Amino acid sequence: QVQVVESGGGLVQSGGSLTLSCVVSGNIFTVYDMAWYRQVPGKQREWVANINTRGVSNYSDSAKGRFAVSRDNAKHTMSLQMNNLRPEDTADYYCNADVMSRVLLEGNYWGQGTRVTVSA
């Protein structure tokens, strides 16, 4: 069994910064691709960024230049450094991870989300 937990959300003023964290725990052999998504209530979940095991990352157009994703393979963690935040960044942010368990079963997992609110 695998658990994904996000943290770091909160209230920040426009132009401010916030760092989100994601921790994957459980019966883990390897955590493969990890990604950040966000969702505004009533809207479709949107991909924000992803990062592979080598640290190669990709960003959505809205995140590029402002956000930076990183990971620690040994700790099974991922972070999202968000800078120059805008009100339109307000959303629930979710961590997604592809995980190979110690019983050699691969699965895709989501966290419960952490809320980011950016005031004007």
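What you are looking at is a predicted structure, and each value in this text was computed from that prediction instead of being measured. In this chain, numbering begins with 1 at the start of the sequence shown. What you see below is based on every heavy atom in this structure, not just the backbone, and it leaves out hydrogens, waters and symmetry mates.
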**Student:** Using a 3.5 Å distance criterion without hydrogens, assess whether the side chain of Arg71 forms a donor-acceptor pair with backbone atoms of Asn52.
**Tutor:** yes

**Student:** Identify the heavy atoms of His76 and Val31 that sit nearest to each other, and give their distance.
**Tutor:** ND1-CG2, 3.6 Å

**Student:** Measuring only between side-chain heavy atoms, which start at C-beta, is Val24 closer than 4.5 Å to Val2?
**Tutor:** yes

**Student:** If you round to the nearest 0.5 Å, how far is OG1 of Thr19 from CE of Met82?
**Tutor:** 7.5 Å

**Student:** Given side chains that start at C-beta, do those of Ile51 and Val56 come closer than 4.5 Å, heavy atoms only?
**Tutor:** no

**Student:** When you measure from the side chain of Asp98 to the backbone N and O of Asn108, does any donor-acceptor pair fall under 3.5 Å?
**Tutor:** no

**Student:** Considering only residues two or more places apart or on different chains, which pairs with a residue in residues 109-120 satisfy salt bridge (Lys or Arg N to Asp or Glu O under 4.0 Å)?
**Tutor:** Asp92-Arg115

**Student:** Given side chains that start at C-beta, do those of Val48 and Tyr59 come closer than 4.5 Å, heavy atoms only?
**Tutor:** no

**Student:** Quick one: are Tyr37 and Cys95 in side-chain contact, heavy atoms under 4.5 Å?
**Tutor:** no

**Student:** With a 4.5 Å heavy-atom cut-off, do Ser17 and Gln81 have their side chains touching?
**Tutor:** yes

**Student:** Tell me the closest heavy-atom pair linking Leu20 and Gly9, and the distance in Å.
**Tutor:** CD2-N, 3.6 Å

**Student:** Nearest 0.5 Å, please: how far is OG in Ser119 from CZ in Arg86?
**Tutor:** 15.0 Å

**Student:** Distance check, rounded to the nearest 0.5 Å: Cys22 atom SG versus Leu80 atom CG?
**Tutor:** 10.5 Å

**Student:** Taking the side chain from Thr114 and the backbone from Ser7, do they hold a donor-acceptor pair closer than 3.5 Å?
**Tutor:** no

**Student:** According to a hydrophobic-cluster definition based on side-chain heavy atoms being under 4.5 Å apart (Ile, Leu, Val, Met, Phe, Trp, Tyr only), do Met78 and Val23 belong together?
**Tutor:** no

**Student:** Is any side-chain heavy atom of Ser60 closer than 4.5 Å to one of Trp47?
**Tutor:** yes

**Student:** My understanding is that only residues two or more places apart in sequence, or in another chain, count here; which of them pass salt bridge (charged side-chain N to carboxylate O under 4.0 Å, His left out) with Glu46?
**Tutor:** Arg38

**Student:** Taking Glu6 for the side chain and Gln112 for the main chain, is one N or O donor matched with an acceptor at less than 3.5 Å?
**Tutor:** yes

**Student:** Honestly curious: do Tyr109 and Met100 fall in one hydrophobic cluster under the side-chain, below-4.5 Å linking rule?
**Tutor:** no

**Student:** Passes side-chain contact (heavy atoms from CB on, under 4.5 Å), Trp36 versus Asn96? Steps please.
**Tutor:** CA-CA 6 Å; Trp36 287 101; Asn96 178 262; over 6 Å; no

**Student:** In a check of side chain to side chain contact (heavy atoms under 4.5 Å, CB included) between Leu11 and each of Thr90, Leu18, Val116, Thr117, which one passes?
**Tutor:** Thr117

**Student:** Mind checking whether Phe67 and Tyr94 sit in one hydrophobic cluster, side chains of I, L, V, M, F, W, Y counted as touching below 4.5 Å?
**Tutor:** no

**Student:** Among residues at least two apart in sequence or on other chains, which ones pass side-chain hydrogen bond (donor to acceptor under 3.5 Å, both in side chains) with Gln39?
**Tutor:** Arg45

**Student:** Is Glu88 atom CD crowded by more than 12 heavy atoms from other residues, nucleotides or ligands, each under 6.0 Å away?
**Tutor:** yes

**Student:** For Arg66, enumerate each residue passing the salt bridge (charged side-chain N to carboxylate O under 4.0 Å, His left out) test, keeping only those at least two apart in sequence or located in another chain.
**Tutor:** Asp89

**Student:** Show me the pairs that pass salt bridge (Lys or Arg N to Asp or Glu O under 4.0 Å) and involve residues 50-62, at least two apart or across chains.
**Tutor:** none

**Student:** What's the separation between atom OG in Ser21 and atom NZ in Lys75, rounded to the nearest 0.5 Å?
**Tutor:** 10.5 Å

**Student:** Closer than 3.5 angstrom, by distance alone: can the side chain of Ser57 be matched with the main-chain N or O of Asn50 as a donor-acceptor pair?
**Tutor:** no

**Student:** For Trp110, what residues pass the side-chain hydrogen bond (donor to acceptor under 3.5 Å, both in side chains) criterion, not counting sequence neighbours?
**Tutor:** none

